[in-house]
Q: 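To start, I am sharing the structure in question, which I have written as structure tokens.
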Amino acid sequence: MKDLYHAYVNKELTVDPSGHSLLDGLTFSVKDVIAIKGHTNGAGNPDWLASHDEAGRHAPVIERLLKHGARLQGVTHTDEIMYSLNGENYHYGTPVNPKAPDRIPGGSSSGSAVAVSGGLVDFALGTDTGGSVRIPSAYCGIFGFRPTHGAMSMEGVIPLAQSFDTIGWMARSPAIMRKVGNALLDEADQNDAGKTEFIFLKQAWEFLDEDTSNVLSAFTPIFERLGSKSIASASLSDWANAFRYIQGIEIWQEHGKWIRQTRPAFGPDIAARFEWASTLNKDGAEKEFELRKELWKTLAEELGNNGVFVIPTTPGTAPKLNLASKELEERRNKTMQLTCIAGLAGLPQVTIPAAEIDGMPVGLSIIANRNQDRRLLMLAEKIFETIAAKK
């Protein structure tokens with residue numbers, strides 16, 4: 001397999017299916033943080049690679065895909081220790097965004113999104129803590145899914161912040177997204193109990209880039225029933241701040257000891273992020289933890305059985321390559337005001353390649369209540385069919 005887009009850490013690593021079922025004939029790639037027997041995960045950092053051993057067995061998520069007939073084909077690049085949303089790796093370079101080569105691919109599941117977008121495999125696994133599947137999927141013009149937190153085992157996956165970490169997947173086709181969901185999710189098939197209530201979450205639409213806002217607002221008539229609502233508990237900036245603090249505390253608890261012992265070489269932005277995380281203390285974040293608790297309850301009540309939030313996946317199209325750190329950090333902070341919603345509340349979210357602006361993809365996201373993952377994937381397929389029919 002030719003690595004046309006610099007998507008792979010190891011493009012030659014392959015594992016044949018162990019059974020036959022839902023995914024027969026499909027190929028998939030895996031982000032370099034998920035255990036593959038005989039492979040040492042590098043997590044985007046040479047010092048992590050040098051200080052860890054090869055896996056003695058596959059992660060359960062990989063075992064399950066192989067059992068359902070899929071063939072593993074290649075291990076993909078990630079941002080360092082998954083702590084970025086950009087896809088620009090200081091040590092290994094930047095995978096090429098097939099839909100916008102002069103733009104970043106998004107991260108941290110950068111290689112997985114690029115491999116799918118470039119047609120190298122049928123689907124790919126990533127991980128999503130703060131947006132690491134949803135953002136590169138939107139920037140690369142494909143579908144991306146973050147499941148309900150806790151819906152899938154994280155065994156064999158390098159953690160970042162465990163109360164937010166999820167395994168997600170990406171594909172070019174909504175039908176393949178559903179097939180993968182049927183293979184990986186234990187919940188029963190869910191049909192709509194009633195007419196879906198589409199809720200435009202007002203806070204999420206108020207700071208879009210102008211061109212993106214104009215494009216996405218054109219899809220308003222597609223939805224069967226449309227409400228516009230603000231959630232009164234707090235502003236998105238408050239939510240994002242709570243997410244950032246709680247995530248930072250968990251990240252340092254998880255990786256602080258290794259960083260102190262190994263003294264790894266990080267890219268400047270990643271190094272600054274870990275340094276900041278090292279200053280945080282759970283005892284000083286009571287307000288942030290309380291806000292998360294409140295949000296779990298509030299959003300569950302707002303969504304009920306049939307509601308879904310409709311939001312832009314990102315504030316705009318993918319930023320250009322090699323932007324100054326200050327500009328990228330400003331974009332990161334803005335983006336996390338969107339991605340923190342599902343992350344803080346443990347909700348499933350799917351991003352749909354809804355449109356393009358000057359050839360660059362724009363993602364539209366649907367968020368459902370907890371444990372409505374299969375219903376959400378079915379809904380995404382219906383919405384995409386409607387969008388395609390309108391074009």
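Numbers here simply count residues along the sequence, with the first being 1. When reading the values below, keep in mind they use all heavy atoms of this one structure, side chains included, and skip hydrogens, waters and symmetry mates.
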Q: Taking it one step at a time, do Glu250 and Gln162 satisfy side chain to side chain donor-acceptor pair (under 3.5 Å)?
A: CA-CA 7 Å; Glu250 293 187 7; Gln162 293 192 35; over 6 Å; no
Q: Taking atom types as modelled and ignoring hydrogens, do the side chains of Glu63 and Ser18 form a donor-acceptor contact shorter than 3.5 angstrom?
A: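 No pair is found: no donor N or O on one side chain lies under 3.5 Å from an acceptor on the other.
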Q: Report the C-alpha separation of Leu65 and Leu125 in whole Å, then their side-chain angles, then the decisive distance to 0.1 Å, and conclude whether the side-chain contact (heavy atoms from CB on, under 4.5 Å) test is met.
A: CA-CA 10 Å; Leu65 293 172; Leu125 293 182; 3.7 Å; yes
Q: List the steps, then state whether side chain to side chain donor-acceptor pair (under 3.5 Å) holds for Lys31 with Ser108.
A: CA-CA 9 Å; Lys31 183 177 182 177; Ser108 63; 2.7 Å; yes
Q: With sequence neighbours left out, what residues match Ser51 under side chain to side chain donor-acceptor pair (under 3.5 Å)?
A: Trp258
Q: Looking at Tyr245 versus Trp276, is the centre-to-centre ring distance below 6.0 Å?
A: yes
Q: May I ask you to check whether Asn306 and Thr196 show a side-chain donor-acceptor distance below 3.5 Å?
A: no
Q: I'd like to check the side chain to side chain donor-acceptor pair (under 3.5 Å) partners of His68; sequence neighbours left out, ordered by chain and number.
A: Ser21
Q: Same cluster or not: are Trp205 and Ile357 linked, directly or through other Ile, Leu, Val, Met, Phe, Trp or Tyr residues, by side-chain heavy atoms under 4.5 angstrom apart?
A: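 Yes; tracing contacts between hydrophobic side chains, which count when under 4.5 Å, links both residues.
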Q: So, does Ser137 use its side chain to make a donor-acceptor pair with the main chain of Met170 at under 3.5 Å?
A: no
Q: Would Phe289 and Leu299 show up in the same hydrophobic cluster when neighbours are defined by side-chain heavy atoms closer than 4.5 Å?
A: yes
Q: If we ignore hydrogens and angles and just use 3.5 Å, is the side chain of Arg103 paired with the main-chain N or O of Cys140 as donor and acceptor?
A: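 No, the answer is negative, given that no donor and acceptor are paired below the 3.5 Å cut-off.
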Q: Closer than 3.5 angstrom, by distance alone: can the side chain of Asn41 be matched with the main-chain N or O of Ile34 as a donor-acceptor pair?
A: yes
Q: Please step through side chain to side chain donor-acceptor pair (under 3.5 Å) for the pair Thr148 and Asp373, ending with a clear verdict.
A: CA-CA 7 Å; Thr148 297; Asp373 301 56; 2.6 Å; yes
Q: Taking salt bridge (Lys or Arg N to Asp or Glu O under 4.0 Å) as the definition, give me every residue that meets it alongside Arg71, ordered by chain and number, with sequence neighbours left out.
A: Asp16
Q: Can you find a heavy atom in the side chain of Glu88 that is under 4.5 Å from one in the side chain of Ile104?
A: yes
Q: Decide if atom NZ of Lys67 counts as having more than 12 heavy atoms of other residues, nucleotides or ligands within a radius under 6.0 Å.
A: no
Q: Is there a donor-acceptor pair closer than 3.5 Å between any side-chain N or O of Thr279 and the backbone N or O of Glu275?
A: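 Not confirmed, Thr279 side chain does not pair with Glu275 backbone.
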Q: Is it true that Arg292 and Glu288 have a side-chain N and a carboxylate O under 4.0 angstrom from each other?
A: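 No.
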Q: By side chain to side chain donor-acceptor pair (under 3.5 Å), which residues pair with Ser278, not counting sequence neighbours?
A: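 Checked Ser278 against side chain to side chain donor-acceptor pair (under 3.5 Å); zero matches.
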Q: Before accepting this row, confirm whether a basic side-chain N of the pair Lys334/Glu329 lies closer than 4.0 Å to the acidic partner's carboxylate O.
A: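 Judged by the 4.0 Å cut-off on N to carboxylate O distance, Lys334 and Glu329 do not form a salt bridge.
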Q: Check the surroundings of atom NE2 in His20: do more than 12 heavy atoms from other residues, nucleotides or ligands lie under 6.0 Å from it?
A: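 Not more than 12 within 6.0 Å, no.
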Q: Kindly state each residue pair satisfying ring-ring contact (aromatic ring centres under 6.0 Å, His included) with at least one member in residues 140-186, sequence neighbours excluded.
A: Phe143-Phe384, Phe145-Trp169, Phe164-Phe243
Q: Taking the side chain as C-beta and beyond, is there a heavy-atom pair between Tyr8 and Pro95 under 4.5 Å?
A: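 No - every pair of side-chain heavy atoms lies 4.5 Å or more apart.
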Q: Without swapping roles, check the side chain of Glu155 against the backbone of Ala59 for a donor-acceptor pair under 3.5 Å.
A: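 Pair absent, no side-chain N/O of Glu155 close to backbone of Ala59.
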Q: Just grab all the side chain to side chain donor-acceptor pair (under 3.5 Å) pairs involving residues 76-87, residues at least two apart or on different chains.
A: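 Passing the test, one end in residues 76-87: Asn45-Glu80, Thr76-Ser112, Glu80-His91.
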Q: Between Gln349 and Ser365, is the side chain to side chain donor-acceptor pair (under 3.5 Å) condition met? List the steps.
A: CA-CA 7 Å; Gln349 177 177 338; Ser365 272; 2.9 Å; yes
Q: Please assess Asp128 against Arg134 for the test salt bridge (Lys or Arg N to Asp or Glu O under 4.0 Å), listing each intermediate value before the final yes or no.
A: CA-CA 7 Å; Asp128 190 305; Arg134 293 164 285 166; 2.8 Å; yes
Q: Keeping the roles fixed (side chain from Arg146, backbone from Thr129), state whether a donor-acceptor pair exists under 3.5 Å.
A: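 Checking the backbone N and O of Thr129 against the side chain of Arg146, a donor-acceptor pair under 3.5 Å is found.
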Q: Any Lys/Arg nitrogen of Arg332 or Asp269 sitting under 4.0 Å from an Asp/Glu carboxylate oxygen of the other?
A: no
Q: CG of Asn281: more than 12 outside heavy atoms within 6.0 angstrom?
A: yes
Q: Is the closest side-chain heavy-atom distance between Tyr139 and Pro105 below 4.5 Å?
A: no
Q: Show, in sequence, the C-alpha distance, side-chain angles and deciding distance for Glu206 and Lys202, and conclude whether the salt bridge (Lys or Arg N to Asp or Glu O under 4.0 Å) test is met.
A: CA-CA 7 Å; Glu206 291 173 352; Lys202 286 179 68 176; 5.3 Å; no
Q: With a 3.5 Å distance limit and no angle check, can you tell me whether Asn369 reaches the backbone of Ala300 through a side-chain donor-acceptor pair?
A: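 Between the backbone of Ala300 and the side chain of Asn369 there is a qualifying donor-acceptor contact (under 3.5 Å).
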Q: His255 side chain to Ile251 main-chain N or O, any donor-acceptor pair under 3.5 Å?
A: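 Not at all, since once roles are kept as given, no pair shorter than 3.5 Å links the two residues.
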